[in-house]
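All residue numbers in this chain count up from 1 along the given sequence.
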Amino acid sequence: MKKTAGTLKLDQAQYRELEAFSKFGSDLDAATKAVLDKGARNVEILKQPQYTPMKVEDQVAIIYCGTNGLLSNVPVDRVRDFETEFLFFMRQNHANVLDNLRAGKLLDEDTKILRSVAADLSRKYAK
């Protein structure tokens, strides 16, 4: 989890700061918009329904997608749908990757699979 979510705290701090700043200004450059978009998506992936906590491996997999910008094509209001479909696909077709994440291992071949699955599914949600 630490390896995957390493930049999440910093990313969210930048997002919150820029979010407050952007309310006062109307012209935002592309870099600022990118930080705001990524932060908004990360906020969505961090939400969990009450009394139904996610498994650690599911959290790590979806946070990996968020921190690495793999959700950039997914509209913010569709992040929850993407997350559900992504985790279902991972459980059905790549359970070994989730098993490795549960065991605390983040292997190069696992990150390639996470990236590939996220890229394939995010095309479906592209704006």
From [atom1] ([X]) to [atom2] ([Y]), nearest 0.5 Å:
X: N68; Y: L114; atom1: CG; atom2: CG; result: 9.0 Å
X: I63; Y: N42; atom1: CD1; atom2: CG; result: 8.5 Å
X: L71; Y: S122; atom1: CG; atom2: OG; result: 8.0 Å
X: F82; Y: N73; atom1: CZ; atom2: CG; result: 9.5 Å
X: I113; Y: D108; atom1: CD1; atom2: CG; result: 11.5 Å

request  = Determine whether L98 and L107 fall in the same hydrophobic cluster, where Ile, Leu, Val, Met, Phe, Trp and Tyr are linked whenever their side-chain heavy atoms lie under 4.5 Å apart.
outcome  =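 Different clusters.
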
Just jot down the salt bridge (charged side-chain N to carboxylate O under 4.0 Å, His left out) partners of [X], sequence neighbours excluded, or say none.
X: K55; answer: none
X: R80; answer: E83
X: D110; answer: none

Which heavy atom of [X] sits nearest a heavy atom of [Y], and at what distance?
X: G66; Y: I45; result: CA-CD1, 3.8 Å
X: Q48; Y: T52; result: OE1-O, 4.2 Å
X: Q59; Y: M54; result: NE2-O, 2.9 Å

message = For E85, give me all partners under side chain to side chain contact (heavy atoms under 4.5 Å, CB included), at least two apart in sequence or on another chain.
response =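 For E85, the residues satisfying side chain to side chain contact (heavy atoms under 4.5 Å, CB included) (neighbours in sequence not counted) are L121, K124, Y125.
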
Test side chain to side chain contact (heavy atoms under 4.5 Å, CB included) applied to D77 - qualifying residues, sequence neighbours left out =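 Once residues adjacent in sequence are excluded, the partners of D77 under the side chain to side chain contact (heavy atoms under 4.5 Å, CB included) criterion are P75.
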
Not counting sequence neighbours, which residues clear side chain to side chain donor-acceptor pair (under 3.5 Å) with [X]? List them please.
X: N96; answer: none
X: T32; answer: D29
X: E19; answer: Y15, R16
X: N93; answer: none

ask   = For F88 and T84, what are the C-alpha separation, side-chain angles and deciding distance, and is it a side chain to side chain contact (heavy atoms under 4.5 Å, CB included)?
value = CA-CA 6 Å; F88 178 79; T84 301; 5.6 Å; no

Donor-acceptor contact present, side-chain K38 to main-chain T67, <3.5 Å =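 Judged by distance alone, yes, a pair lies under 3.5 Å.
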
message = Would M90 and V97 count as a side chain to side chain contact (heavy atoms under 4.5 Å, CB included) here? Give the steps.
response = CA-CA 8 Å; M90 290 299 294; V97 173; 3.8 Å; yes

query = Is there a side-chain contact between R78 and D81 (heavy atoms, below 4.5 Å)?
reply =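 They are in contact (side-chain heavy atoms under 4.5 Å apart), so the answer is yes.
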
ask   = Is there a side-chain contact between L101 and L106 (heavy atoms, below 4.5 Å)?
value =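 A side-chain contact exists here, since the closest heavy-atom pair is under 4.5 Å.
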
key: Where at least one partner belongs to residues 87-100, residue pairs that pass salt bridge (Lys or Arg N to Asp or Glu O under 4.0 Å), sequence neighbours excluded   =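 Applying salt bridge (Lys or Arg N to Asp or Glu O under 4.0 Å) to every pair that reaches into residues 87-100, excluding sequence neighbours, yields D58-R91, D99-R102.
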
Check against salt bridge (Lys or Arg N to Asp or Glu O under 4.0 Å), R41 and E44 = CA-CA 5 Å; R41 286 174 180 81; E44 291 301 311; over 6 Å; no

